[in-house]
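Residue numbers begin at 1 in each chain, while the letters A, B, ... track the order of the sequences.
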Amino acid sequence: AQNQSKGGNAAPKKTPKVAFICKDLSQQWFIGTSNAMKKAVEARGGKFFALDCAMSPDKYMTNLDNVISQKVDVLIVCPPDQKLSQATVQRCQAAGIKVMADDDGLIDANGHHIAPALELDAYKVGQSQGDWLGNYVIAHKSDAEPASTALLVLTVPTVSSIVPRSQGAIDEFKKKVPDFPASKIIQSPYDGTSDKAFNVAAATITAHPEIKTWLVVAPNDEGAQGATRALEQAGKDKQATVVGLGAYLAKDEFKKPYSAFKAAAYLNESEDGTIAGNAAMDWIQKGLVPYAKYKKPGSKFGVYPFGAEMVDRSNYKQIMGADAN
Amino acid sequence: MTLNSSVEFKGITKTFPGVKALDGVSFLARGGEVLALVGENGAGKSTLLKVLNGDYQQDSGLYLIDGAERHFKTPQEAIAAGVSVIYQERQVVPYLNVAENIFMEEIPVMRSGLIDVKQLNARAQKVIDEFKLPIRPTTKVKDLSVAYQQMVEIMKAYRRSPKIIAFDEPTASLSESEISTLFEVIERLKASGIIILYVSHRMKEIFQISDQVVILKDGKYVTQLPTRSITEQEIVKLMVGRELGDIFNGLSRNEEIGEVVLRVSGLTNDYIHDIGFELKAGEILGFAGLVGAGRTETMRAIFGADRVNSGQIFFGGKQKRVEAPEDAIACGLALCPEDRKDQGIVGGRSIADNISLAILKKLSKMGFLDKPKERSLAEDAVRELRIRTPSVDKKVGELSGGNQQKVILARWLAANPKVLLLDEPTKGIDVGSKSEIYQLICDLAKRGIGIILVSSELVEVLGLCDRIIVMSQGRITGELKRKEANEEKVLELAMAGM
Amino acid sequence: MGSHDEITSDKQVLGLVGRAFKAEKVGLLIALLVMIIVFSVLTQNKFLSASNIIDIFIASSMVGLVTIGETYLLIALQVDLSAGSVAGFSGVLVTLLLSWGLSMWVSIPVVIVVGGIIGFLNSLMVNKLKLEPFIATLASMSVFRGLAYIICGGKSVFVMNNTFLTMGVGRIFGIPIPVIIFLVMFLIFGIVLARTRFGRSVYMIGGNATAARLAGINAQTVKAKLYIMTAAFAALGGIILAARMSSGQPDASVGLEFDAVTAAVLGGVAFSGGIGTLGGALIGLIIMQGFNNGLMILNVQSFWQTVAKGLLLVAALSFDYVRNLKRKAKT
Amino acid sequence: MGSHDEITSDKQVLGLVGRAFKAEKVGLLIALLVMIIVFSVLTQNKFLSASNIIDIFIASSMVGLVTIGETYLLIALQVDLSAGSVAGFSGVLVTLLLSWGLSMWVSIPVVIVVGGIIGFLNSLMVNKLKLEPFIATLASMSVFRGLAYIICGGKSVFVMNNTFLTMGVGRIFGIPIPVIIFLVMFLIFGIVLARTRFGRSVYMIGGNATAARLAGINAQTVKAKLYIMTAAFAALGGIILAARMSSGQPDASVGLEFDAVTAAVLGGVAFSGGIGTLGGALIGLIIMQGFNNGLMILNVQSFWQTVAKGLLLVAALSFDYVRNLKRKAKT
Ligand SMILES: Nc1ncnc2c1ncn2[C@@H]1O[C@H](COP(=O)(O)OP(=O)(O)OP(=O)(O)O)[C@@H](O)[C@H]1O
Ligand SMILES: Nc1ncnc2c1ncn2[C@@H]1O[C@H](COP(=O)(O)OP(=O)(O)OP(=O)(O)O)[C@@H](O)[C@H]1O
Ligand SMILES: [Mg+2]
Ligand SMILES: [Mg+2]
């Protein structure tokens, strides 16, 4: 492996080690990002391994202990909760390990970034859902009968990174369709699975028999799919519009002749992983602090704004490429 | 010495759903005397002791100890007041050792709060020595035979130095030697002025140990008499309400012994060695021996309930592999187990369910149970064996000990096998019912069923069996024909090699 | 004697309304009634609308299948914690098979058989390795959840096969097919449990395994059947869920077994074995799912839903408190 | 009798090596050893490095505290499924109290007392409402997880208090404080279980409840103590975790109770009550956490880790297979 460290220290170094502590490696998104990271790191002669927290803060701490013992060069983290940021940075500093964040930034009590981050801004992703839905409503005049139209926002209140997605969707939608009555925006909790989303959506439909046109935003594709099936079951899918997030289930819904599941925020997992993996290797091999060019005045670290792209029936193939199959 | 101590029951009444277990029972027991409490199965003996122990609360009536009215709300209060009751059902903690069981609520501790193991074991050893038993304080109770587990219970009650001690059928699983040790202890307790209540169905013991007899019938007090002033026949008549002749002479026996139905040879496992014998159709074969002789283990080995290291089993001349009870049952074998509580009853289920357990196949068509038939079968059994219960729907766990035993027996009598192994079948059954059960056994023999009767009650083996095999220390030490057998000969063989 | 006869005939009168309405279940029925009344009032009768009742039954259908298995198991003093994982695994497997082009008439039976094999493995651990059911099935819970992810690489699998989807969303006389499947299974297995030799042996094994064994009941065979049955039901449930959602998801049905066990226990099945009926379990299931549904209609905040569910459990079971008081007085 | 004496003295010889090394635990020790050897080889000795051993113990510390409680409970034929929720709730509560400006010397005791009260509530359900422990604590699992979210509005709470954080990350003679706390607790409660009257009464209740009752042992009091103890340990664990994470998180420690029960059972504690020691549970715990750690070092893919964990459970418990074979013969 070639070493191009700037200090002119030409002594051969051992293989660089990059670790990724991920909040949930059972999610398709993270599997994709971690695979892309691995590819990027290994392509440049590094060694990469990923550790799963299964959404548990305890496992995160155990994993952290573990990578510190293993003396990795760069640690990429996506913590199950951002309140773990300071513990992470302190521990890594003490151990002399470079740490950077992926998807969720590492922030202090005031919300300032305390490590470089590629941030999947959950709020922004939500906004793009809200934006799409707002445009759709305007274009199709879906809100012509306000008394019988409602927006169902499925959300998972127990997962801190999901809450802002829903909020972003609501805020942006309100901005686009300012006349939409606030009383017709219904937030309902589910647990992230299709099954529960189905039950919640079905109960909400029952609770509001007067609603004929349902607009639904879900923070993942499972939720959107469950809601779609519930709408079909209640016979209300033809007038409904469901927006998901991830597009991994949406792409197949698009292949059907009709589905109320009409759009999703697509996140490019391999792009995310590739950027992060390369940034980590640059840090080790070139001493370049990641994402420095995104540094805003006054802040210590740069944050790469990783955004989502909305896909629907018309454009998913070109935007998603191989992911569309 | 408190020779004037006493316990007096006045009008004790206790009802369970559908049964009046005790109905105005009054009597008095004095210190320095053994009072035997007798009555048929379900007469209310155990219930009375549980009331005294604070385990059950009577509906009405009261009891006085040393003239003062007492009312124990928990067994704990009873223990504190010097009452110690040994229940009919063994109550040991299997994974604790002997010493810990004996001293359960009074384990000695050091000043640090830690258990004083040395003292605990020393004190336990002392009690064990008083009972002259060859067991160690540190042995886990689960590793003891049933008899020694029973002795552990007796020692537990004894070492509390109680004022009143009550034994509920303590000898049901003991052999002669333990019984005589127990009786020595009881004599000593008696001499020190303790009040002793003694429940048993064994008339011999009652005359041997008791001073007073109280008879209960259907939950009611019948009479109290000095033991000296009454005969066995009189007691039985008062208990049962009719005369019983000599049980064994009155039996109508099977005279036609048929072909060999079961042959065992060289049967060996961890507990038994080289067991071999033959059983013929219509024959009643007794197995005698002291506790721990290996009779139970022999039956279990034949039945496939225990592993066998070597040996062969032949049914009707054909060698069969018996690896599990199903195999044995398929060959026409049935085993009525010795341990009622752990291996016999399904306490949470009804009498009918329990009686039909071994014949579910016969009772069903295409997998569906014929419930009316099951019920009538159970009702017949209840009548025939005089099981005291309001209905066949009652949970077996709520029956008296003797009645539970009758249910188990009814299960196996209904099974109608070719070979029936009965291990202590009359344990805890009252004298009145015994004669009926003996006749039932004889009737089965007449139908050509080969029967093995394992019993620690020698009179039973001698009176009922055509032939007696005696075991000692896991081996067969001899075989006696009915005509030549007597108590001395059996005992001699039972002690052989010890 | 007299008084008891009266009791019996009382019971027989009640018995006319069916086994599920036995005196012992009065507490349960009161709980069900109270729930229905409270939610009907709170939701202005939406709770009792036909479409909502169907929703409750749809939500019950999958848990319901597993509840049958868990009820049998609990009565026999066993438990299967792997049901949720098996359901998840089966949902992924069936959609994978379909996506490889296999016909659903092959895929479904294959997956149910695979479920049965998993159940058989569970029973081997219990019967042969003598592991505690709780631990043995906790192990397979872990194994099959892992395999669910592995076989699909962590990605949900989409199904397009319309005949297959009908199984999840089709209706017959207005009743969704999953509901029909689950109710028919309840009926069949309720009768099997209450009326057949096999059902009886389940009770007897739970009541005293040693006694049952000595009476010639092969407890190991019975247990094997129960584990196979439960896992097959879980597989069927997973298949139906996949058909309902038109995708197989590796993270589906986590905790399904706990819901099923909770439903059974709410319905009077005891952990101590030997007690309970499938009719009771059905009521328990409806109480549980009805309650969840009611909270959802009311759109109660999710955290409070969690709290309320815990309280429901305690409250519903405390309806039996009076009975317990009596029992306590006796012991 | 002769043969029996021999067996006992055999045991005594083994007993010299200490209680934890009793014949019954040989299987367990072999499992531990096999695991250590295999991982040492596979990880080129990284597994046995001092820092990794400390990692294993840190990872064990929180589960360990709850394992103490669950071991006691299982021996007494009880179980507490709410431990993880109580830990999560306590972690949030303590950080909230700290964030309101309370001193840690007030906050910590308060939270442990609150934990104890939760335990007491659990015991009330079991003792007074006569609910099955599994169900009673499943209910409080739900309730207190909900409350954990409610008290913090679903958002984790940050802590700055450095003295408090020391409790989670500080070291004494190079050993992390959580590890010290957990080992000291194991020692103390190990002695209490093995050598005190209270400990014996736990075995008695689990071994034969009727016998215990007749001997005047107040099972309800003992159970109440056990539930209080377990919940207090869970609270302590939650506090320590919060200190390690410098934040209280409402979703922390989900499933903690299952890990604790698994550790105990791996260590020879039986679900049937009356059997097991804390020494065994400690070995079980180390096997479990060591295994997790080894898989992590080897960077086994997470799905395969899930599978492997299930297989470990089966494999480790099957080391007792031979012993079980004997037992089987005697049913
Ligand atoms: N817990 C209970 N629930 C219901 N009925 C009971 C209970 N305990 C005892 N009984 C009933 O009370 C009656 C008296 O029983 P008890 O055990 O006192 O008889 P016993 O004289 O000891 O008989 P045995 O000689 O068979 O031991 C029986 O009919 C029995 O069924
Ligand atoms: N569960 C057990 N654990 C250890 N040893 C046992 C066990 N059961 C029986 N034994 C031993 O096996 C031997 C034979 O016991 P067994 O019960 O067969 O005798 P038995 O002749 O039937 O006497 P009993 O009159 O008690 O039925 C005894 O030495 C006994 O201690
Ligand atoms: Mg009795
Ligand atoms: Mg015997």
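In this structure, the side chain of B:Lys406 engages the main chain of B:Leu385 through a donor-acceptor pair within 3.5 Å. The closest donor-acceptor contact from the side chain of B:Arg349 to the backbone of C:Gly274 lies under 3.5 Å.
Geometrically, B:Lys418 does not engage B:Phe315 in a cation-pi contact defined by less than 6.0 Å to the ring centre and at most 45° from the axis. Both the sub-6.0 Å distance and the 45° axial angle are satisfied by B:Lys14 relative to the ring of B:Phe16.
B:Ile345 touches chain C through its backbone: at least one of N, CA, C or O sits under 4.5 Å from a heavy atom, while the side chain does not. With a 4.5 angstrom heavy-atom cutoff, B:Lys361 touches chain C via backbone and side-chain atoms both. Contact annotation for B:Ile329: only side-chain heavy atoms (C-beta onward) come within less than 4.5 Å of a heavy atom of chain C. If you measure heavy-atom distances from B:Asp342 to chain C, the contacts under 4.5 Å come from the backbone alone. With a 4.5 Å cut-off on non-hydrogen atoms, B:Lys73 does not touch chain C at all.
B:Val382 pairs with exactly one of B:Asn403, B:Val407, B:Val392, B:Leu377 by the side chain to side chain contact (heavy atoms under 4.5 Å, CB included) rule, that one being B:Val392. Remark: of the listed residues B:Ile452, B:Leu413, B:Leu335, B:Leu413 is the sole one forming a side chain to side chain contact (heavy atoms under 4.5 Å, CB included) with B:Leu420.
The candidate from B:Lys365, B:Arg411, B:Glu326 with the greatest count of non-hydrogen atom pairs under 4.5 Å with chain C is B:Glu326. Ranked by heavy-atom pairs shorter than 4.5 Å toward chain C, the options B:Leu369, B:Val19, B:Leu360, B:Ile408 are led by B:Leu369. Heavy-atom pairs under 4.5 Å with chain C peak, among B:Ala358, B:Ser356, B:Cys336, B:Ala334, at B:Ala358. When the candidates B:Asp353, B:Asp327, B:Asn354 are compared by the number of heavy-atom contacts under 4.5 Å with chain C, B:Asp353 comes out ahead.
Between B:Glu379 and B:Arg383, none of the side-chain N atoms (NZ, or NE/NH1/NH2) sits under 4.0 Å from a carboxylate O, so this pair counts as no salt bridge.
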